[in-house]
Amino acid sequence: MTTTEIRAGRREWIGLAVLVLPMLLVSMDITILYFAIPSIAADLQPSGPQQLWMMDIYGFVLAGLLITMGGLGDRIGRRRLLIAGTVLFGLGSVACAFASSPELLIAGRALQGIGGATLAPSTLGLIRNMFHDDKQRRAAITVWSIVLSAGAGLGPVVSGLLLSTFSWGSIFLVNIPVMVVLLVLAPILVPEYRAPSLGRFDALSAVLSLGAMLAIIWGVKESAVSGLEATPVAAIALGLALGVLFVRRQSTMTDPMIELSLFRNRGFGASITIALVCLFGMVGFGIFTTQFLMQVLKMSAFEAAMWTLASPVVVTFVAPLAAKLAQRTRPAYIIASGFTLAALGFLLITQVSTERNIPLIISATVLIGVGIAVVMSIVTDMVMATTPAERASGVSALLQTAQELGGALGIAILGSVGAGVYTATMVKTAPSGLTPEQLEATRQTLGAAEDVAAKLPQAKGDQLVHLAQEAFVAGMRPAALVAALVVLAAAAAAVGFLRHIENTATPAQEEVSTEDAKELVAA
């Protein structure tokens, strides 16, 4: 089969535009509650644990079901699962928008998580089957990766815009028009694919993978809040045990959810690990950036969201260059370069102070965002390129599960580093005259210190806030340094493990690049 015969046409490119719509919403809904929580809390009056579940249940369910839904899509049909997930995500959005109690909102977010878990592997699996040409597939996956990154950045901006005019329910209702468009156009533009050679769906494997991921991610996130206490450690241990049982079961099955033989390819396992590191740095450090802008520089929620939008905007223009560069350069060196850019961004963070130096902080976040986005687009293409067509959804789910786990580890590890330094600094610098309860509160978080300061005389309260801000920045610097060291180590590992993989460009592929561009513009 020639390159021309396997090239995608206008229909496939328009289909790609339809497929990335749900991914925009899935990633937006991870961050869209950041600025809406105060309004929701004032209306529904949730308890502290309920408020945490409002924030976390979506990501927990999403991460826990990814592998299950990926395996299911390969068997029953990826487009069919995409349509089902769209309906579930839409129903969950409506349930959240009109929730009259914290319990109903948590249930709606969980339903969104179930729908999101079907959308993510289905879209990438379908892209794998729509774009067979290496160069076109790489371009399509780059678009998919950009949209996924942009969604997380757009979430707070969309939330801020809607909340300035409408009630908090609007942040969920905005999903509905996109869901309707997807339901109408996907059956027309996106071809169905299912793997006829795969056996029946294994329910026990689904239970094991769900239990493993939920226990591990909950334990890791809880340990970031409460430290290495017995309950989160036990949850992590349980999750690891269930994970071992899941892997052992996969190794004995004729048609497993995860084809373990793929890990014999050194590049496959390394790519999955690199994806984990990407989210370790980006998600793990994202909480510091948001807090710094809002609690140290005292920006409004909307102003902070607009500044954080700088990174996804730049990524939109820069990431496609990585796909172009991949035609002539070995992936290992592009990955190493991307991680080096991200490391420079983290190192810039170590120079941040409590002063309002916007160019410094935005330059740092842009470098981090661009570097990570470049790596993710290349790694995603490498994984999907080496994946058999009938396993595309399952492997896509594995890749995204690694990303979710990386984000959870980043929050736990980098958050613990920052919190430890913050507490140690406040122990030394907290002003005298505070009660033991006030001292304890100021040593927990910057937000708690601000609450204490609000009840003190003006001068003393201002002093406490300034000291807490200094302590927060003091904790942010070593966390950034740890992140820089991790991504630099990943850059070195990428060169060591992946340098044998060559780029896949061929003269025939180079000859059709102009036609591809014309078709994309026409679409």
Side-chain angles (χ1 to χ4, degrees), residues 22-37 40 46 49-70 85 88-89 92-93 95-96 99 102 105-121 123 148-156 158-159 171-172 175 209-226 232 235-236 239 243 275-276 278-288 290 372 376 396-415:
M23 292 314 302
L24 182 66
L25 297 184
V26 167
S27 56
M28 275 177 53
D29 272 63
I30 294 174
T31 58
I32 204 164
L33 281 189
Y34 284 3
F35 298 150
I37 277 293
I40 295 174
Q50 285 176 329
Q51 185 166 311
L52 288 175
W53 278 110
M54 288 177 185
M55 295 289 291
D56 292 339
I57 189 66
Y58 175 76
F60 285 161
V61 174
L62 179 70
L65 287 175
L66 277 169
I67 291 177
T68 295
M69 293 304 182
L88 289 175
F89 195 88
S93 298
C96 289
L105 181 57
I106 292 169
R109 290 287 284 170
L111 188 56
Q112 280 188 312
I114 297 172
T118 69
L119 297 174
T123 54
L148 195 63
S149 300
L154 284 172
V158 171
S159 177
I171 68 173
F172 300 107
N175 296 333
S209 68
L210 175 62
M213 289 308 302
L214 286 179
I216 290 173
I217 291 182
W218 181 86
V220 168
K221 286 193 172 185
E222 187 65 19
S223 66
V225 177
S226 58
I236 294 172
L276 185 150
C278 285
L279 273 292
F280 174 94
M282 188 167 68
V283 175
F285 203 80
I287 189 65
F288 286 98
T290 302
I372 296 298
M376 277 307 306
S396 168
L398 179 63
L399 178 68
Q400 291 156 41
T401 300
Q403 294 171 11
E404 293 288 337
L405 182 57
L409 287 171
I411 291 172
I413 295 173
L414 299 182

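Here the structure is a predicted model, which is why all the values come from computation and not from measurement.
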Ala212: which residues meet the side chain to side chain contact (heavy atoms under 4.5 Å, CB included) condition with it, sequence neighbours left out?
Leu242
Compare every heavy atom of Trp218 with every heavy atom of Pro232, then report the nearest pair and how far apart it is.
CA-CZ3, 4.0 Å
Side chain to side chain donor-acceptor pair (under 3.5 Å) partners for Ser396, two or more places apart:
Gln400
Please identify each residue that fulfils side chain to side chain contact (heavy atoms under 4.5 Å, CB included) with Ala95, with sequence neighbours left out.
none
Measure across Ala397 and Gly70 and return the closest heavy-atom pair with its distance rounded to 0.1 Å.
CB-CA, 3.9 Å
Name all pairs fulfilling the side-chain hydrogen bond (donor to acceptor under 3.5 Å, both in side chains) condition that reach into residues 405-414, sequence neighbours left out, sorted by first residue then second.
none
Report yes if some heavy atom in the side chain of Met69 is under 4.5 Å from a heavy atom in the side chain of Leu119; otherwise report no.
no
Residues at least two apart in sequence or cross-chain that pass ring-ring contact (aromatic ring centres under 6.0 Å, His included) with Phe280, listed by chain then number, are none
Spatial distance of atom CG (Leu414) from atom CZ (Phe285) [nearest 0.5 Å]:
7.5 Å
Considering all heavy atoms of both residues, which atom of Gln403 and which atom of Leu279 are nearest to each other, and what is their separation?
O-CB, 3.2 Å
Do Leu409 and Leu276 pass the side chain to side chain contact (heavy atoms under 4.5 Å, CB included) test, and can you show the C-alpha distance, the side-chain angles, and the key distance before you say yes or no?
CA-CA 9 Å; Leu409 287 171; Leu276 185 150; 4.2 Å; yes
Contact summary for Ile40 and Pro46, nearest pair of heavy atoms
O-CD, 4.3 Å
Find the distance between SG (Cys96) and CD1 (Ile171) and round it off to the nearest 0.5 Å.
8.5 Å
Which atom of Ile217 lies closest to which atom of Ala63, heavy atoms considered:
CD1-CB, 3.3 Å
Rounded to the nearest 0.5 Å, what separation is found between the CD atom of Gln112 and the CG atom of Asn175?
6.0 Å
How far apart are the closest heavy atoms of Phe172 and Ser93, and which atoms are they?
CB-O, 3.3 Å
Partner residues of Ile57 under the side chain to side chain contact (heavy atoms under 4.5 Å, CB included) criterion, sequence neighbours left out
Trp53, Val61, Ile106, Arg109, Ala110
Paired with Leu210, the side-chain contact (heavy atoms from CB on, under 4.5 Å) test is passed by just one of Leu65, Leu66, Ile67, namely Leu65
